[in-house]
Structure formats: structure tokens, C-alpha cells
Chemist: 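Mind having a look at this structure? Questions to follow.
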Amino acid sequence: MAENSQEFVQHIASKSENFSQWYLDVVLRAELADYAPVRGCMVIRPYGYGIWENLKGLLDKRFKATGHKNAYFPLFIPGSFLEKEAEHVEGFAPEVAWVTRAGNEDLAEPLVVRPTSETIIGHMYAKWIKSWRDLPVLINQWANVVRWEKTTRLFLRTSEFLWQEGHTCHRTKEEAEEEALKMLEVYRRFLTEDLAIPVLTGKKTEREKFAGAVTTYCVEALMTDGRALQAGTSHDLGQNFAKVFDITFLDKDNQLKYVWQTSWGVSTRLIGGIIMVHGDERGLAVPPRVAPTQVIIVPIMPPPHEETVLAAARDVFERLDKVSRVEIDAREEFSPGWKFNEWELKGVPIRLEIGPRDVKAGKVVLVRRDTGEKISVPMDNLESAVTDLLNSVQEGLYARAKQFMDENTHTLVDYEEFKAVMENKRGLIYAPWCGSDECEAAIKEETAATIRCIPLDAKPSDEKCIYCGKSSTSGYWVYFAKAY
RNA sequence: CGGGGCGUAGCGUAGUUUGGUUAGCGCGCCUGCUUUGGGAGCAGGAGGUCGGAGGUUCAAAUCCUCUCGCCCCGACCA
């Protein structure tokens, strides 16, 4: 019997030696997704889609709890709409897919396949909003969007992806700002509580913000290869789109005013985040809250015990089915050891082993995916043992990720050290910045690191800029990292 | 979009430099028997337009041209 992980058969690349290949192996071998016949597109397979469905359900609840309702807007947007907001066009033009022909006829007005829906939603809001009594408008949509990317990676960047985009309108600037920050907090809690992913929250620099936004807030997570992943964004749009799409209302003071807007979104990219934050040498580890299968029952059935063990396993299944997402793997063509490896690769949080010895003793063996720890529990308190263990795995994954993030966040004031960290272990660098676009650009040029966010509570710093060495009243301590 | 690499059975690959029988091997798959607490064993069997299209040649996986896709490193983005 293998006592440590080195002795387990490896069917995926080593995470520590070849992270990119490891990531791909996990996605393909765990059957999360596969390549589609169209360049840059992917098929999300049932197991990967199961994670998305759970994630979507939990997030949707949080949106409903904050007063939002779902709606659906069209996939096609008149080409002219996109061109109305100058920054917006400039930001998205290079990656927009156009429809210019239907059947045998050229379209009178070419259509774009939505890269995001600010414009078409803005157009509709202009029709719907007349009075301050119509505000706020709090709408979310779950949809697919298309961005013709040059370099694609499964889940992290594909030409088409699934996401949600919230689009809200408010009577005042303050209310919109409050909404953008409220949704940022919704994302932060969702990531930490449901996905077990610790995050930084903050706002983007001018260079990094959304095309058309006044302010972009974000949640950033650190992957275990030391690169940061933008996990979600919440934009304060000000009146930029309101002015372009003429979204006006008559206020209490009888004045015609433009609404104040926000938009916010997360995508299937989060699944990539789950893989890169929680995965290990053995494969994926799915946080229990979003795991399609939380408990996998592996019956061990040497003859002549097939019938008794299987009956006991089915009994266990019936009981656990009431408190968890459980499956039983009674396939005869695979050995127990084979199944152990397979379900670990797929990242199922708890494996339940039941064999002749357990049946006789009135017990089962539970094995947690995060630590590999095995415990034998009596049948009597099976439900509570499993429920507690699921919570414990959820917490264990978060704690491990949080510790990794803390250990890989470097507070620095010296640029040489900055460069050395970026060249070696990477991770997050917390450093003073004078606030100038030139220093930000130069650091990116020289180290590939970008400013991931300016922390929300950042106060102007009199520390000298890590790049130019100058003090500035507009400077802050900010987080740098190489990003996905 | 630049630089590099790779496409041979479901997966991983040998063969390509130097063209020459029926394209070889491992895993997986099918059948049977024995197995089952960390990827079981034996025996038999099926599976290939060598990414695609042109070309050179008596003869092409192998040489030439074009093309498609994927991976890695950069530039651009969720």
C-alpha cells in the first residue's frame, strides 16, 4: 500500500514542474471541458457544468437577496450602438465578432455579437425609465458573451464564455457608488464563503479599468503558481452610458436628469480559479459548496461479499442523499484503487469506503480530499459525520489558500527586490506607487507585473514610489502581480 | 499578432534526418476465466484515409508548397 503521494500513479503532469500542462491535464482528464471544433471555443462537459450550476445557484441567491431580478437581453446588438461610447468602442473593437450576412443577403445594419451588454441594455433602459419613481433599476442577466481572443486557454480565456452581468440605474451618484461597492462585497463573500478562495478587493487604475467606466472595483485572487486572477469586477459607470443612450428621468425637483449606473460580472473563469487555487499534484479539489458530487461511495466487494456490501452501500446512499450530493460508484470493471485515484483527480471532497470489514463492524471509512486523512465512523451518526466533514473540508481549503496567499504577499519598498521576486517566486507585491501612469507602464514593461488593485482603504502615502523614488500626494500602497 | 514547439488508433508515443514489404509499442477498448481495502492477472481479439489540400516520385507518415488546429513564451483582454 502506498503511504505517501509520491507512490500514487501519476496520470497528469506534475503541478510543481509544469503548471500549465498540469492545468490542462486536470481540465481534460477530470472531464470539466474539452476543445470545440471552433478555434478558441470550448465545450463545458457535465462535470464542469455541474460546478457552474452550483456556483450560479449560490450567486443568484445572493443577487436576489440584494434586491436584483433576472432578465434576458438579445445576443445581437446593432453595430452602431457599440460605437456610441468612445472609450467603450476603443476597448472592445478589436475583439468583437460581427454578423454581416443572413442567408443570402447582406444585413442592412451589421450586428455585433455581444462582448458585454451595456449598450443594448442602456438603449432599453432609456425606454423604460421616465421618473425618479422608476429607480432604482436592479437587473441581472445570465448569458454567454463573445470576445474574439487571440490567445485562449480553457476556462481562463475563451472566445465565448458564460457569465452574469448586472446592470443597475440609480437616482444619485452616491447611490450608484454604494451599489458598485455592495456588489463587490457580494462577490468577496461569495468567493471566500462558497468557493473558499481568499481575495483582495480594491479598485483598478485608469490603465486597468473597464472601457467606459468611471471606476472599476475588483476582486483579485492569487493562483498557486504565483499569478493573480481577476475574479470579478464591479463598475461605477457614472453617467457615461446614460448620456450616450439618453437614459433620463424627471427628478423630485422637476428637473430632467441622467441616471447613474453600475455594471458587474463574474464568469466561467471562476472555474479556472477553483482549479488553480485548490488543485494539487493529485488533481482537482472542488470546494464542497459547489461540488457536483460531495460524497462518492466506493463499495469494496470481494467475493463472496458482493451482495451484502452493495446492499449496505445502497443503504448508506439513501441516508446521505437526504443531506448531501452523493453518488455511488459500483462499477465492476474498475478496482477500488482505480476509483480512488479517479475521484481524487475529479476533486470530490469526501470519499466513503465501505467493505466487508466495515459492514461487519457497523462502520464506514471517510477520506477527505484536502488532506487525505482517513477516519472510521460508526453508521449511527453517519449523516452528522458527513455534514461536519464537508464543512471541515470547505474550511480546510480556505485556510490552505489563505495561508498560501499570506505567505506569497511581499511588502517591498525596493525596486531591485521587486524585480527579483517577480523573476523567481512571483506572488503579490504590496508596494508604494506615486500614482503616475508612467511608473505603472514602466514597471509592467520591465517586470510584466501590473497593478492588480488599489486597496479600498488605501490612504495617500508619503512613502517614496518604488519605481521613480518620488513622493506624491496622489500615491498609494498598491498590489502588484503578474496576471492571467 | 510576433518567437518557438507539436499534430501517427480513444490516450501516450516509435518510425521522419537518409522515401522502399502488411506503420510498431504501451495504456485503454471487446470476449472469457481468475480477481477486488490505493490505477489487478492471464489468454484471445478489434481498432489507422499518419491533421487537411495540392505537388515531386515507379513508390510518401517520411521530401516540397499551402492550410487548419493545439501547446509554450511575449504583446492585448474576464
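Chain naming here is simple, since letters A, B, ... match the order of the sequence lines and numbering starts at 1 in each.
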Chemist: Just to be sure I understand the rule, does Leu156(A) reach a base, reach only the sugar-phosphate, or reach nothing, if contact means heavy atoms closer than 4.0 Å?
Modeler: base

Chemist: Identify the nucleotide, in any strand shown, that forms a Watson-Crick or G-U wobble pair with G7(B), with both distances under 3.5 Å; if there is none, say none.
Modeler: C68(B)

Chemist: On a plain distance test, is the side chain of Arg357(A) in donor-acceptor contact with the base of G37(B) below 3.5 Å?
Modeler: yes

Chemist: Who does U31(B) pair with, Watson-Crick or G-U, both distances under 3.5 Å?
Modeler: A43(B)

Chemist: For U56(B), which nucleotide in any strand shown is its Watson-Crick or wobble partner with both distances under 3.5 Å?
Modeler: none

Chemist: So which nucleotide from U36(B), A75(B), G74(B) ends up closest to the side chain of Glu306(A)?
Modeler: U36(B)

Chemist: Find the distance between CZ (Phe241(A)) and OG (Ser263(A)) and round it off to the nearest 0.5 Å.
Modeler: 7.0 Å

Chemist: Within less than 4.0 Å of OP1 or OP2 of C70(B), is there a side-chain N or O belonging to Arg39(A)?
Modeler: yes

Chemist: Any side-chain donor-acceptor pair under 3.5 Å between Thr151(A) and Arg157(A)?
Modeler: no

Chemist: Look at the side chain of Ser20(A) and decide which nucleotide, out of C70(B), C73(B), G38(B), has an atom nearest to it.
Modeler: C73(B)

Chemist: OP1, OP2 of G74(B) versus side-chain N and O of Lys482(A): anything below 4.0 Å?
Modeler: yes

Chemist: Identify the nucleotide, in any strand shown, that forms a Watson-Crick or G-U wobble pair with U62(B), with both distances under 3.5 Å; if there is none, say none.
Modeler: none

Chemist: Rounding to the closest angstrom, what is the interatomic distance between C70(B) and G12(B) at atom P?
Modeler: 15 Å

Chemist: Return the nucleotide paired to C1(B): Watson-Crick means purine N1 to pyrimidine N3 with N6-O4 or O6-N4, wobble means G-U with N1-O2 and O6-N3, both under 3.5 Å.
Modeler: G74(B)

Chemist: Cation-pi check for Phe210(A) against Lys204(A): NZ or CZ below 6.0 Å from the six-membered ring centre and within 45 degrees of the axis, yes or no?
Modeler: no

Chemist: Roughly how far apart, to the nearest Å, are U62(B) and U18(B) at atom C1'?
Modeler: 10 Å

Chemist: Output the rounded distance in Å from CD (Glu353(A)) to P (G38(B)).
Modeler: 8 Å

Chemist: Looking at every strand, decide which applies to Arg147(A) at a 4.0 Å heavy-atom threshold: base, sugar-phosphate, or nothing.
Modeler: base

Chemist: What does Glu342(A) touch in the nucleic acid at a heavy-atom separation under 4.0 angstrom: a base, only the sugar-phosphate, or nothing?
Modeler: base

Chemist: Pick the C1' atom in G38(B) and in A46(B), then give their distance to the nearest Å.
Modeler: 31 Å

Chemist: Could you give the distance separating G48(B) and G32(B) at their P atoms, to the nearest angstrom?
Modeler: 23 Å

Chemist: Provide the Watson-Crick or G-U wobble partner of G48(B), both distances under 3.5 Å; none if there is no partner.
Modeler: none

Chemist: Under 3.5 Å, is there a donor-acceptor pair linking the side chains of Glu440(A) and Tyr467(A)?
Modeler: no

Chemist: Taking C6(B) as the reference, what is the distance to G10(B) when you measure between their P atoms (whole Å, please)?
Modeler: 22 Å

Chemist: For the base of G37(B), is there a side-chain donor-acceptor partner from Arg351(A) under 3.5 Å away?
Modeler: no

Chemist: For atom P, what is the distance between G52(B) and U8(B), given to the nearest Å?
Modeler: 10 Å

Chemist: To the nearest angstrom, how far is Arg157(A) atom CZ from A75(B) atom P?
Modeler: 12 Å

Chemist: Asp25(A) CG to C72(B) P: how many Å, rounded?
Modeler: 11 Å

Chemist: Taking the nucleotide of RNA chain B with the nearest heavy atom to each, does Gly355(A) or Ala211(A) sit closer to the 5' end?
Modeler: Gly355(A)

Chemist: Report the base-pairing partner of G37(B) (Watson-Crick or G-U wobble, both distances below 3.5 angstrom), or none.
Modeler: none

Chemist: On RNA chain B, does the nearest nucleotide to Leu229(A) precede the nearest nucleotide to Met301(A) from the 5' side, or the other way round? Give the residue.
Modeler: Met301(A)

Chemist: Figure out the CD/P separation between Glu149(A) and C76(B), and round it to whole Å.
Modeler: 13 Å

Chemist: When you measure from the side chain of Pro303(A), which nucleotide among U36(B), G74(B), G38(B) comes out closest?
Modeler: U36(B)

Chemist: Nearest-Å distance, CD (Gln21(A)) to P (G5(B))?
Modeler: 18 Å

Chemist: Of all the choices, C71(B), C72(B), C76(B), which nucleotide is nearest to the side chain of Lys444(A) once you look at every atom?
Modeler: C76(B)

Chemist: Over how many whole Å does the gap from Glu208(A) atom CD to C77(B) atom C1' extend?
Modeler: 10 Å

Chemist: Please tell me whether Asn144(A) and Arg114(A) have a donor and an acceptor in their side chains that are separated by less than 3.5 angstrom.
Modeler: yes

Chemist: Quote, to the nearest angstrom, the P distance that separates A9(B) from G4(B).
Modeler: 27 Å

Chemist: Heavy atoms from C-beta onward define the side chain here; which of C70(B), G38(B), G37(B) lies closest to that of Val365(A)?
Modeler: G37(B)

Chemist: Would you indicate what Pro356(A) reaches in the nucleic acid, counting non-hydrogen atoms under 4.0 angstrom: base, sugar-phosphate, or nothing?
Modeler: base

Chemist: Any donor-acceptor pair, under 3.5 Å, between the side chain of Thr151(A) and the base of C1(B), if you only look at N and O atoms?
Modeler: yes

Chemist: Do we see a donor-acceptor contact under 3.5 Å between the side chains of His305(A) and Glu307(A)?
Modeler: no

Chemist: Please determine, for the side chain of Ile300(A), which listed nucleotide (G38(B), C1(B), G37(B)) has the closest atom?
Modeler: G37(B)

Chemist: Could you check whether Ser335(A) gets within reach of a base, just the sugar-phosphate, or nothing at all, counting any heavy atom under 4.0 Å?
Modeler: sugar-phosphate

Chemist: Quick one: does NZ or CZ of Arg153(A) land under 6.0 Å from the six-membered ring centre of Tyr23(A), within 45 degrees of the ring axis?
Modeler: yes

Chemist: Taking atom P of C72(B) as reference, at what distance in whole Å does atom CG of Asp225(A) sit?
Modeler: 12 Å

Chemist: Grab the CZ-C1' distance between Arg29(A) and G12(B) for me, whole Å please.
Modeler: 11 Å

Chemist: Does Tyr23(A) place a side-chain N or O at less than 4.0 Å from the phosphate oxygens OP1/OP2 of C71(B)?
Modeler: no

Chemist: Is there a donor-acceptor contact under 3.5 Å linking the side chains of Glu446(A) and Tyr415(A)?
Modeler: yes

Chemist: Mind checking if Phe161(A) touches a base, just sugar-phosphate, or nothing, with heavy atoms under 4.0 Å?
Modeler: base

Chemist: Hydrogens and angles aside, do Thr293(A) and Glu327(A) bring a side-chain donor and acceptor to less than 3.5 Å of each other?
Modeler: yes

Chemist: C1' atom, G47(B) versus G2(B): distance in rounded Å?
Modeler: 41 Å

Chemist: Nearest to the side chain of Pro336(A), heavy atoms from C-beta on, is which of A75(B), G69(B), G37(B)?
Modeler: G37(B)

Chemist: Give Ser376(A) one of three labels, base, sugar-phosphate or nothing, depending on what nucleic acid heavy atoms sit under 4.0 Å from its own.
Modeler: nothing

Chemist: Could you check whether Gly40(A) gets within reach of a base, just the sugar-phosphate, or nothing at all, counting any heavy atom under 4.0 Å?
Modeler: sugar-phosphate

